[in-house]
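Accompanying notes for the structure given below.
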Amino acid sequence: MIDISQWRASIGLWNYSQAASSRPANGCYSHSFKAAVDSKSGSTTSGEKTSKLPAALSLIALLLILFHSLSLLRHILMIPPTGNCYQVQCTTGVTVTDTNYLQSVVLPGGSSSNLIYNDLYLIVCLHILLLLSGDVELNPGPITGNTPNDILRTHSSELTKEISNNLYKITTELQAKGLIPQQAFDDVLVMGVMTDYTKAMKLMSVLCRQLESSLNPEQYLIDLCHVLINQQHCYSTLTDIAPTILHQLSQSMPDVTSISSIPDDVQGYADNMRQHYKHQPIVAIDWPPRIGKDFFGRLALVEKQDSSTQAESEAESAWHMLRGQVDKTVKLTENKEISVEDVLQPTDSSPSLRIAIDGPPGIGKTTLCRKLLNMWSNGTIVHQQYDLVLYCPLRNGKIATATTLADLFVRQLNRYKNVPKWFEERDGEGLLIIFDGWDELSKQLRQSSLAASIICKEKLDKCSVIVTSRSYASSSLLEIMSSRHVQVIGFSKEEISTVIIQTLQKDPKLAQELIDKKRKDDKNCKLFTTTQSSKDSQLAVKLINDLEARSDVQSLCYVPLICSMVILVYCKEGGHLPTTLTQLYENFILQTIRRHVKRHGSNPRTLGSLSSLPSQLSKPLQEMSQLAYINLANKTMTFSSHQLSEAVKEDYLGLMTTFTEYDEEKYQFLHLSIQEFLAAWWIAKHEKKTEEVFKDHFDDDHFRMCLRFVAGLTQLKHESYQQYFNKQQLDLQCKKKPLFGFETCHLSYFYHNPEIANGHVSSDDFDNLPILLLQILYESQNKTLCQVLAQSINNLSLCLNWDRVSLSLFDWLCLSYCINNSNTTWNHLHLHSVFNSQSLSVFTAGLTNNSLQNQCKKLEVELNGPTDELIHKLLKSSLLYNIQECYCRLLLGQYVPCVVLIQFLSLPQLKVLHLRMDSPIVPTTGNACCTVKCTELEKCIEMNSTLQKMEIKYIGENEITSTIISVIRGLTRNKTITSLTIDVRLISCTPPPLPDGVIEQLLKDNNTLQALSLDIPDKCLPSSLNVVEVNTPLTALEIGWSSKLMTSSLLPHIKGLHCLILPEPYPPHLLFLSHPSLNTFTVPLDTAESATELFTILQTNTTLKALRVEIERVYTSSMGTSLQDMLSQNHTLKYLEIKYSILSSFLSFLTTGLRHNTTLQQLSVSIPLNKEIRTFINVISQKNNLTELKINFNPDQSYSNCSEEEKKQIMTPLFFEQVLPAVTNMLKSHTNIRLLRIECEYINNESSQPTWKELAQHLYDAIFIHPSLEYIHLKASRLLEDTLKNQRKTLIDRHRKEQPQKPLPIVY
């Protein structure tokens, strides 16, 4: 009796507490509590509930009276409680305190009256709880161990195991039903982190937590069961577990067809196909050996394009594919790189997909198809769920000519005859068909086959379709299907490294460590290295680094087949890449034939080379080589069976594959590059007129790779090949912006060649650098032709500026080979930017010729990321032994500045050194040896007897003071250096200052220095400069803008300068007293008085030729009058530059002065843009003495309160309608002008008028027919740039026709 009461009490307590806990603070019941109340009522109507309530309340009242009566009796009889009692609180909640009730009943020691009282007390409480619990039969409350949580926990182990077998499909459905959070879904999709079983365990943990937190756990578990039942067509075990759970929840099985159901025979066929796909290899071919793991390279999603750009993009993409520039493909406009998981991502417009996948032969289209089949068989296609996937290779005649869906079911259909009909009745819903090889269908079948009908949705419009095609045939496919277009673009550069590592290093842990290290080294721009002792790891690292230097080989490795080939040959050659690409392919083809022979029972070791094959092998090879050449000439990659003899059809040496196209058996080589090599083999070995064939195809880009192979096979020994390299006056010299007059005057004091300071320009007269010739030279390994090519280069001057050519690592290797074997003294080598340490390493490694016949007089180079070691290798090469001029910029890198200076100064014949060091990282060991090396540097400069001009520029965060001290002290005692420039820019750095007396000692003791330029920050200078005696024969002094303290310290003690460049204002009369022969002068003018004083002095001065003044808002009428008089009366000033914009009121003084001037050759000025400028330009048009002009148009001062956009709106029409016509008329009337620069910053590039374009065209017409114009820079409007771009070819052709003797003007 007591046990039953306890059980019933617990029921009431549980029911009541559940209801109370579900009631929110506002007194309204939650959805789950309302559901619980409704369920307790069973079938009772609301009226019945109401009628039972008074009776229940009456019974409760009666029991409470009984309880109080007993309590009163207890107090009267003074029966104390034993402490074993129940405390009941019947309010909004129920609280029960049990002090060991069973002990009070069964243990001795308690009085009978106490027992009776406790029993009566308990009976009353239990009856109250029973009444509160409701109808016990209808609502029995929790059954011990049978709550939703307990039920799920009971089956968790079994569920985990089964869910892991279909993890991704189940996870997707759970997330779609809202049963798991997005984070749990994302965690499952992370590949390669943990096993599917571990993911299933974590997913089960998430389900348990979701169930515990649910307001309606029972319904949550029911929804979960429905998802599990939905897997019945995949794994029947799940459908056994789900009904069990529903039965424990007293729920009936749902109508399965309402969830998802497929017939048993459909399920059986799908299971059969799953097993078939699961066990077939993802990579279909076994030669070359399979590489990596499931690798087929990258995918690019080609977004929709309009017809005007599609053809251009396809052509560009096809060219990148053909020549291996895979990393450029996804950078094409509109392309987006995607993962294999995203191929089947659904679209908003339709659940049934149509996807076109194309790419060149060997790129991995079929491999991608097999990967998708494998993913479906393993349940890892996350975006879409398919009941069945059919793989239909269109080279299969039955599939190509199929007329019914049943014809596509080529595997074991007899047991499952109703399967096709079931899908047809559903219009293909739940079916994915992969048609592999659209290009292999005939034109007729592409229009009228079942496959075409399905693809264009005439049939089975609810199924999804993937179609693969070679690139050349994909256009016909895209015409008939509204599709997603995916290109298979092969391995990226990073993936090539990953594949090599995973192929050579079988240990997954070691392989992953290497992959991570490679990424880290790439990020830090370092050479790939490893500390692993494994020989396989070291071999992988060596191959990856070797391929960096051989980008010609690396660029082909984007194709999985070629990548495998390279790895094979590399291992066969003992960890060495053959010297040339020809040797690599010859080796691979020999290995392929050996493998073929071995499979036919012969000894492969008897085959020594391709040239010595026995007749039964050489004959088929010869026939295939001829076919390769014929088809390459016809630009076709496939050929028919009738082109082959029976012997070749049966035995094509493993170099070809067969397929069916247009109902005909066709052949193709394993890869285009193999066809190109065999074509070259035919030309070199069997064609009687090899040299003539080479000549016929020399300008054919399609034969570019083939001709390289011909060069490798013939070594170009025949004398007729010299004609391609003996090009007279091949112009590859530097083309730089011409210097304006003032710059020429200024820089001539500090530079041996002032033009070296100016930047390069592009020119339409430039000959293209013959990269193909360099590559052919390297492939031939013909040293004689290196000399022939070098001697044909005009002035033995070679410029590789970045705007002319961009060199790959392989190109650097080819260039190095040519220079190394040229046996020539180069007058000038401009290597411009060697973009990384690998390029520098490759270039210097090729300079092995120790002959002093191979020399360079002048070198310009920019080294990115150099090290002490690489700089040392470059400077120690024999090529630079007799170098006289070196202009070098070191960008970033890791080196010690003073050590690098010592290396440059060690060049025995060096006369001019310009060294710029930008943001170097000084090694930690550098500081330790700095003192010793600085002393060595000082001595090195002191003893140098050849150096004449030295410029050192430094920008960085490291301390440079000690190096500067050594330079100055060494120069103090040097006897040959005549020009020194020191320019220091410190970033977030406060170094120690120069010690007292260093600069003073230089000026006192040095007796050779003629030009000195110092731009050392004031914070690096000593607290005071005490210059007393100057014996240095200075004629040129330049003080930089950051060394302003030097102006007042040096100028009073230096006399007789010819060139003076100042950063600070200085009284003009004092300057001309101390320097009466001043020729070139730059000075800021901060007051109108000082400007007036200077212009007045210059009215009678007869020595100054070049003047640059900086005037900022100090204009007065008296100053204007003095400038006007200076221009009218001075007859020696040739070059005038006025920095900062002058005022409108001042422009008339300048214009009047220019009208009377007869000697000024260069004018540079910033003027306000208003209607008065036409008068100014008209005056210039009449000044034939003025040949160089720089004008910068600025907003008029009346626009000062306008916003930037408002200024543009005002100035844009003024520029086009006032400036352009005026400049055009000036060019037509002024026939002597040579250099012209027009700038206008405030132009609205979005504005355009038809007349403006016409005015721009008139301007360019005047430019290209001008008789003397050499250079013009128009820095203003995008409309001008676009007009030039569109008209350039026409303008150039006209110029060359009308002025064949005059060089083209350089137009920027």
Side-chain angles (χ1 to χ4, degrees), residues 6-24 29-40 93-96 98 129 133-134 136 138-164 166-167 170-171 173-185 187-188 197-231 237-254 259:
Q6 280 190 305
W7 176 71
R8 286 181 173 270
S10 64
I11 294 173
L13 173 62
W14 181 82
N15 280 329
Y16 191 85
S17 61
Q18 282 291 99
S21 64
S22 300
R23 187 181 302 118
Y29 290 106
S30 69
H31 170 76
S32 58
F33 179 69
K34 182 180 182 299
V37 171
D38 291 343
S39 66
K40 287 179 181 297
V94 178
T95 304
V96 178
D98 181 359
L129 290 174
S133 70
V136 176
L138 291 177
N139 298 286
I143 301 171
T144 305
N146 217 24
T147 66
N149 288 341
D150 293 333
I151 294 172
L152 183 60
R153 194 175 301 110
T154 302
H155 296 283
S156 61
S157 177
E158 198 174 5
L159 282 173
T160 299
K161 179 181 178 182
E162 296 305 325
I163 287 175
S164 68
N166 198 21
L167 176 65
I170 294 174
T171 304
E173 291 197 19
L174 289 172
Q175 195 271 340
K177 297 289 186 182
L179 297 177
I180 59 173
Q182 181 67 39
Q183 184 60 50
F185 175 74
D187 291 344
V188 169
Y197 186 80
T198 303
K199 291 180 181 180
M201 290 175 61
K202 290 183 174 292
L203 179 60
M204 182 55 64
S205 177
V206 172
L207 291 172
C208 289
R209 289 198 300 271
Q210 291 293 110
L211 179 63
E212 290 174 1
S213 61
S214 173
L215 292 178
N216 195 344
E218 183 175 306
Q219 187 59 51
Y220 180 89
L221 193 53
I222 292 171
D223 292 341
L224 174 59
C225 288
H226 288 179
V227 171
L228 299 181
I229 292 171
N230 198 25
Q231 313 307 312
T237 307
L238 287 173
T239 58
D240 294 337
I241 301 172
T244 302
I245 295 175
L246 290 173
H247 178 72
Q248 289 179 265
L249 293 171
S250 300
Q251 292 288 319
S252 60
M253 277 287 290
I259 300 176

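Index from 1, following the sequence.
Of all heavy-atom pairs between Leu211 and Pro148, the closest is CD2-O, 3.4 Å. Between Lys199 and Val188, the closest heavy-atom pair is NZ-O, 2.9 Å. When every heavy atom of Leu152 is checked against every heavy atom of Cys208, the shortest pair comes out as CD2-SG, 3.9 Å.
Here the CG atom belonging to Leu221 is positioned 6.0 Å from the CD1 atom belonging to Ile151, to the nearest 0.5 angstrom. Distance CD/Glu162 to CD1/Ile241: 5.5 Å, rounded to 0.5 Å. Interatomic distance, SG of Cys225 versus NE2 of His247, reported as 13.0 Å (0.5 Å rounding). Taking CD1 of Ile163 as the reference point, atom CD of Glu158 lies at 11.0 Å (rounded to 0.5 Å). Taking OG1 of Thr147 as the reference point, atom CZ of Arg153 lies at 6.5 Å (rounded to 0.5 Å). Rounded to the nearest 0.5 Å, atoms OG1 (Thr198) and CG (Leu203) are 12.5 Å apart.
Checked against side-chain contact (heavy atoms from CB on, under 4.5 Å), Asp223 has the following partners two or more places apart in sequence or in another chain: Leu179, Gln219.
The main-chain N or O of Gln210 is never found under 3.5 Å from a side-chain atom of Ser214 such that the two would form a donor-acceptor pair.
Using a 4.5 Å cut-off on side-chain heavy atoms (C-beta onward), Leu159 and Leu228 make contact. By the 4.5 Å heavy-atom criterion applied to side chains, Leu207 and Ser156 are not counted as neighbours. A heavy-atom distance below 4.5 Å is found between the side chains of Leu224 and Leu174. Between Lys202 and Asp187, every side-chain heavy-atom pair lies at or beyond the 4.5 Å cut-off.
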